[in-house]
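Order of the sequence lines fixes the chain letters, A, B, ..., with proteins taken first and strands second; residue numbering starts at 1 for each chain.
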There are 2 protein chains.
Amino acid sequence: MPSTPPEQVPDADAALVHGHQPPSTRVPLSRERIVATAVAFIDAHGLVDLSMRRLGTELGVEAMSLYRYVTGREELLDAVVEHLVTELAQDSEVVREPTHGWQDFTQRLAHGIRRIALAHPNAFPLVASRPGQAPWLRPPLRSLEWVELFLAGLVAEGFTRDGAVAAYRAFTSFLLGHLLLESSQAGADVGPLDVIGDTNADSTAESGAGQDKLAGQHPLLAELRPALSENHAASEFEESLENLLERLQRMR
Amino acid sequence: MPSTPPEQVPDADAALVHGHQPPSTRVPLSRERIVATAVAFIDAHGLVDLSMRRLGTELGVEAMSLYRYVTGREELLDAVVEHLVTELAQDSEVVREPTHGWQDFTQRLAHGIRRIALAHPNAFPLVASRPGQAPWLRPPLRSLEWVELFLAGLVAEGFTRDGAVAAYRAFTSFLLGHLLLESSQAGADVGPLDVIGDTNADSTAESGAGQDKLAGQHPLLAELRPALSENHAASEFEESLENLLERLQRMR
DNA sequence: ACCTGAACACCGTTCAAGT
DNA sequence: ACCTGAACACCGTTCAAGT
């Protein structure tokens, strides 16, 4: 391996970028680029497959280079979580103040977080499971900023301080339960591999002896299996959110 | 290292066990013993520290021996989840049939699962995050048997079949949100290390410049921090469960 | 039948060295 | 200033070999 400088691309790219430059594969590393690539990698291949070494090659660099920008794998994962939460601020449907009432405010926030969960089903479990900076910074609303906005919004709308805190707790646990279930359902095809394949295999292999055994020992399950397999996540989310808002109304 | 047979213990133990035997450290491996030890290890040291090699030495055996009983690390973790769910059946407060009404039945089940989560805060996230055998086997109620019992119980109490399915969905997402938050709060002292230490460090270091910055940028957060830090998990669980039962009542 | 030694491919992370 | 090579300690997993 001669130690040539990084290979130049045919010019086409470089011309588009600027006058002339090292190729786009050679844009310097940065913490932001590393984290964004990590998110994309998790989206594409699942959390399990993400290693410092693979992320390095994904960036056209040796793994050791990453340590200039993140202190280690753990911190990288924390940065991934932060990156995801940051998407909230870029969501134009989400509003930072309850200009149309606290219900509208809360609903927009909930939907914004749901969009993040569904956009990154393989990464969302990180938002749920990473230990937070403080026990009162509860997933999935994990940033100081958004917790402040949430509490301030409710207080501005007439909630007592204790009421706002109680609402924060109810809101987070509602979101966590729903979105974790929904995102795991959405992301099941990539994490442990071949779950999609199994589902199809089921409908052939299982309809043989497997389905019979299910029917024997778990008759109701066998009967309700089609109903259980239907996906009503969206409407359930709306209904539960509605119910939550009624509860919060009572806390006000 | 002479290839002597496994060392005998001083007799005291062996005498208690049977007449005379290889020492208790030499009881043969078994899948059950491996899984139980894995659960204990996770409880004690956290999931991250569990490796096949460490689990081996914990059992007084080389890591390779484990592969006679589990096909790999992934399957071991699945077995851990199964082991935890099995504890439900041994909980004498939990009842398999709604002999005192469906509310009592559902409540006992919820409390039983909560006890498991609180007994194994470091392992419970596995119950939440491991991909299930089927998408309709939702965490944290992950066994065919308990889902069957739940559905059958509600149907026996007058729920329509679709009502029972809807109740199952609402029940699982309620439990998941609450228990994941509660167990992560309970288990924060062991997973990533020194979170307990940080909490104390906070109250000294943070009350300096850190607290001021918090107060400046996030005034409400700074003010409500004590309220947010209080732990009302138990009463919130009861209240939310109560609310859930009312919702289920309406589904009936 | 049950366990192990040796080996393989892969990790995360460090540090001195290269450009 | 930024990246890399080499090295270390540790993984999961396999397979032929030991008892």
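- Between the CG atom of B:L29 and the P atom of C:dC3 there is a distance of 5 Å, given to the nearest Å.
- In this structure, the nucleotide among C:dT13, C:dC3, D:dT13 sitting nearest to the side chain of A:Y67 is C:dT13.
- Under 4.0 angstrom from either OP1 or OP2 of D:dT13 there lies no side-chain N or O belonging to B:R53.
- Using a 4.0 Å heavy-atom criterion, one finds that B:S65 contacts the bases of the nucleic acid, with or without backbone contacts as well.
- Rounding to whole angstrom units, CD1 of residue B:I34 and C1' of C:dC3 are separated by 12 Å.
- The CE atom of B:M64 sits 14 Å away from the P atom of C:dC8 (whole-angstrom rounding).
- The nucleotide whose nearest atom lies closest to any side-chain atom of A:M52 is, among D:dC2, C:dG12, C:dC11, C:dG12.
- Applying the Watson-Crick and G-U wobble criteria (two distances, each under 3.5 Å), D:dC2 pairs with C:dG18.
- If you measure from atom CZ of B:R54 to atom C1' of D:dA9, you get 11 Å, rounded to the nearest angstrom.
- The nucleotide D:dG12 finds its pairing partner in C:dC8, both defining distances of the Watson-Crick or G-U wobble pair being shorter than 3.5 Å.
- Not one side-chain nitrogen or oxygen of A:Y69 sits closer than 4.0 Å to the OP1 or OP2 atom of D:dA1.
- In this structure, CZ of A:R68 is placed 13 Å from C1' of C:dG18, rounded to the nearest angstrom.
- Taking the charged nitrogens against the carboxylate oxygens, B:E145 and B:R96 do have a contact shorter than 4.0 Å, which makes a salt bridge.
- Side-chain proximity of A:V61 to the nucleotides C:dT4, C:dC2, D:dT4 is greatest for D:dT4.
- Taking atom CZ of B:R33 as the reference point, atom C1' of C:dC3 lies 13 Å away to the nearest angstrom.
- Both the sub-6.0 Å distance and the 45° axial angle are satisfied by B:R114 relative to the ring of B:F237.
- Rounded to a whole Å, the CG atom of A:L66 is 14 Å from the P atom of D:dC2.
- Between A:F150 and A:F171, the ring planes lie parallel to each other; the angle is under 30°, not in the 30° to 60° tilted range.
- Classification of B:R130 and B:E82 as a salt-bridged pair fails, no side-chain N sitting under 4.0 Å from a carboxylate O.
- Rounded to an integer number of Å, the gap from A:E74 CD to C:dT13 C1' is 13 Å.
- Between B:A63 and A:A63, the residue anchored closer to the 5' end of DNA chain C is B:A63, taking for each the nucleotide with the nearest heavy atom.
- Ionic pairing of B:E75 and B:R31 is present here: one or more N-O contacts between side-chain nitrogen and carboxylate oxygen are shorter than 4.0 angstrom.
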